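Hydrogens, waters and symmetry mates are skipped; everything else that's a heavy atom, side chains included, is used. Please read these numbers as outputs of a predicted model, since none were measured by experiment. By convention in this document, chain letters (A, B, ...) are assigned in the order of the sequence lines, proteins followed by strands, and residues within each chain are numbered from 1.
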Amino acid sequence: MIKWSNKTIKAFQETLLAWYDQNKRDLPWRQDQDPYHVWVSEIMLQQTQVETVIPYYLRFMNEFPTIEDLAAAPEDKLMKAWEGLGYYSRARNLQKAAQQIVFDYQGQWPTTAKELQELSGIGPYTAGAIASIAFGQPVAAVDGNAFRVFARLLEIDDDVAKPHTRQVFEKIINPIVPKNRPGDFNQAIMDLGASYMTATNYDTSQSPVKDFNQSYLDGIEDHYPVKTKKKRPVRHDYFGVVIHSKAGYLFEKRPSHGILANFWMFPLFDRKNLTDDQPVTESTLIDIIETRLQTDYQLSVALHPVSTPTVVHTFTHQQWKIKLLEGQIAENIDLSYFPGKWIHSSEFDQMTFSKVQSKMWSAYQKTLKSTQSIDESAVDQKTNR
DNA sequence: CACTCGTGGTT
DNA sequence: TAACCAAGAGT
């Protein structure tokens, strides 16, 4: 790792900001420095690409123009606005923080990074981003871009996958952030990291700060940033059960903690929870599910496999393979024993579906074709984006 | 500190 | 295809 003199720091700041002034991206949340705008965009941008966020941001600001609107929003409208963005606890924390600011702080935003971190969903990066962009505080905003850019510029060898490394980078970057334009500086680093200094296919030879890029000058740019590998996703095999009746489709609410918390989905049965790890035929497994529906929930239903390919969905740490089963219940639709409810497909529009639920519904619909279901006769429109 | 939490895109 | 990446935070 190398260290810059004060003179080099000054030259770097000027070069970077001059480039930024000419080449900064025109993004919807860069219209002004309103903390609400900066904050919502930063939360949406966590682990999410800019192009994905833009339409969500525009719709969100249309739906919830002020922090008061967000604080008062009903949960279903909030989740609907977030549908498809993923990491849904971001939306819940966003509203929690809005309520903290509106009700606990009387609408008065804290302005330092340290205070901002007290709010739900605001960690060290987002606190630095809001403090610098909206409030002009001279602090670093260390995200993946900053890790990558400064690791290459200064040949920093610390493993950026380790939590402790954040403090190392903050200590290095903070003295480089200019006191007069901290927000522009941090955003310039991000624009740099999204253009000439991307993770792969980067082109440093055209970079405005290539002369400051030690690893480039040394021809060892591909060594940086140092990052240890992630683990493979864990595999899960499920049966997804599509049961319909005159009352609609049977949905189950997921637990309030864990992946896709509180989402309504077609009931899932984990394949390996059905038997004691003994090899059995698929028809036996279907029998076991039918028995369980009968004994646990008093639902009498004959299930049969659906003629579409297995639904596959990969999360960051899990991969689900879902074999769809279908069945109808014509009578005895009492759900007093089942932790769920019947929902007509005409109501799907107003619900928030996870991507994997959309995939199941989409796959199931393809099997309907000419088949006449009790609930509906035609295919309807809940498509995956 | 290691692990968890979604989705879409690229290689 | 599997692996990795994209403006991270909570537990």
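Rounded to a whole Å, the CH2 atom of A:W320 is 20 Å from the C1' atom of C:dA2. Between A:F263 atom CZ and B:dC5 atom C1' the separation is 11 Å, expressed in whole Å. Atom CZ of A:R235 is separated from atom P of C:dT1 by 12 Å (rounded to the nearest Å). Protein atom CG of A:L260 is 11 Å distant from nucleotide atom C1' of B:dT7, rounded to whole Å. Here the C1' atom of nucleotide C:dG8 and the OH atom of A:Y87 are 8 Å apart, to the nearest Å. Between the P atom of B:dT7 and the CD atom of A:Q319 lies a distance of 14 Å, rounded to the nearest Å. If you measure from atom CG of A:L192 to atom C1' of C:dA7, you get 14 Å, rounded to the nearest angstrom. Distance, A:D191 CG to C:dA7 C1': 10 Å, rounded to whole Å.
Contact annotation: A:T126 reaches the phosphate of C:dA9 (side-chain N/O to OP1 or OP2, under 4.0 Å). For A:H317, no side-chain nitrogen or oxygen approaches OP1 or OP2 of B:dC3 to under 4.0 Å. A:Y88 has a side-chain polar atom (N or O) that falls below the 4.0 Å cut-off from OP1 or OP2 of B:dT7. Phosphate contact (OP1/OP2 of C:dA2, side-chain N/O of A:R232, threshold under 4.0 Å): absent. Side-chain N/O atoms of A:R148 include one lying less than 4.0 angstrom from OP1 or OP2 on C:dA7. Side-chain N/O atoms of A:Q47 include one lying less than 4.0 angstrom from OP1 or OP2 on C:dG8.
If you check B:dT7, C:dA7, C:dG10 against the side chain of A:H313, the one that comes closest is B:dT7. Counting only heavy atoms from C-beta on, A:M190 has its side chain closest to C:dA7 among B:dG6, C:dA7, C:dA9. Comparing B:dT4, B:dT7, C:dA7 against the side chain of A:T316 picks out B:dT7 as the nearest. Minimum atom distance to the side chain of A:R30 is reached by C:dA7, of the listed C:dC5, C:dA7, B:dG6. Taking only side-chain atoms of A:A199, from C-beta outward, the nucleotide of C:dC5, C:dA7, C:dG8 with the closest atom is C:dC5. Of the listed nucleotides (B:dT7, B:dG6, C:dG10), C:dG10 has the atom at the smallest distance from the side chain of A:N93. Minimum atom distance to the side chain of A:V50 is reached by C:dA7, of the listed C:dA7, B:dC1, B:dT7. Of the candidate nucleotides C:dC4, C:dA7, B:dC1, B:dC1 has the atom lying nearest to any side-chain atom of A:H164.
Using a 4.0 Å heavy-atom cutoff across all strands shown, A:W29 reaches at least one base atom of the nucleic acid. Nucleic acid contact class of A:S354 (heavy atoms, under 4.0 Å, all strands): sugar-phosphate only. Using a 4.0 Å heavy-atom distance criterion, A:L27 is classed as a base contact. As judged by a 4.0 angstrom heavy-atom cut-off over every strand, A:A129 is placed among residues making no nucleic acid contact. Note on A:Q187: nothing from the nucleic acid sits closer than 4.0 angstrom, heavy atoms only. If you check every strand for non-hydrogen atoms under 4.0 Å, A:G193 touches nothing. Across all strands shown, A:P233 has no heavy atoms under 4.0 Å from either base or sugar-phosphate atoms. Looking at heavy-atom distances under 4.0 Å, A:I122 makes contact with sugar-phosphate atoms alone, never a base.
The cationic atom of A:R152 (NZ for Lys, CZ for Arg) does not lie both less than 6.0 Å from the six-membered ring centre of A:F212 and within 45° of the ring axis. The side-chain tip of A:K246 does not point at the ring of A:W342 from less than 6.0 angstrom away and within 45° of straight on. Judged by the 6.0 Å distance and 45° axis criteria, A:R59 is positioned over the aromatic ring of A:Y56.
Comparing C:dA9 with B:dG8, their P atoms are spaced 22 Å from each other, to the whole Å. Nucleotides C:dA6 and B:dC1, compared at atom C1', are 23 Å apart to the nearest Å. Comparing the same atom, P, in C:dA7 and in B:dT4 gives a spacing of 23 Å after rounding to whole Å. B:dC3 and C:dC4 have their P atoms separated by 15 Å, given to the nearest Å.
Note: A:E115 CD to A:I130 CD1 = 12.5 Å, rounded to the nearest 0.5 Å.
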Using the rule given for side chain to side chain donor-acceptor pair (under 3.5 Å), can you reason through A:Y87 versus A:Q47, listing the C-alpha separation, both sets of side-chain angles and the distance that settles it, and then say yes or no? CA-CA 9 Å; A:Y87 286 157; A:Q47 302 293 284; 5.0 Å; no
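Judged by closest nucleotide on DNA chain B, A:A161 is the one of A:R90 and A:A161 placed further toward the 5' end.
A salt bridge links A:R181 with A:D21: the closest approach of a Lys/Arg side-chain nitrogen to an acidic carboxylate oxygen falls below 4.0 angstrom.
Side chains of A:Q318 and A:R235: a donor-acceptor N/O pair is absent below 3.5 angstrom, by distance only. Counting only N and O atoms by type, the side chains of A:T314 and A:Q319 include a donor and acceptor under 3.5 Å apart.
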Listed pairs, N/O of protein and of nucleotides 9-11 of chain B, under 3.5 Å:
unit_1: B:dT11; atom_1: OP1; unit_2: A:N201; atom_2: ND2; d: 2.7

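Remark: aromatic rings of A:Y20 and A:F185 are distant, center separation not under 6.0 Å.
In this pair, A:W361 and A:F266 present their aromatic rings perpendicular. The plane angle is above 60°, beyond the 30 to 60° band.
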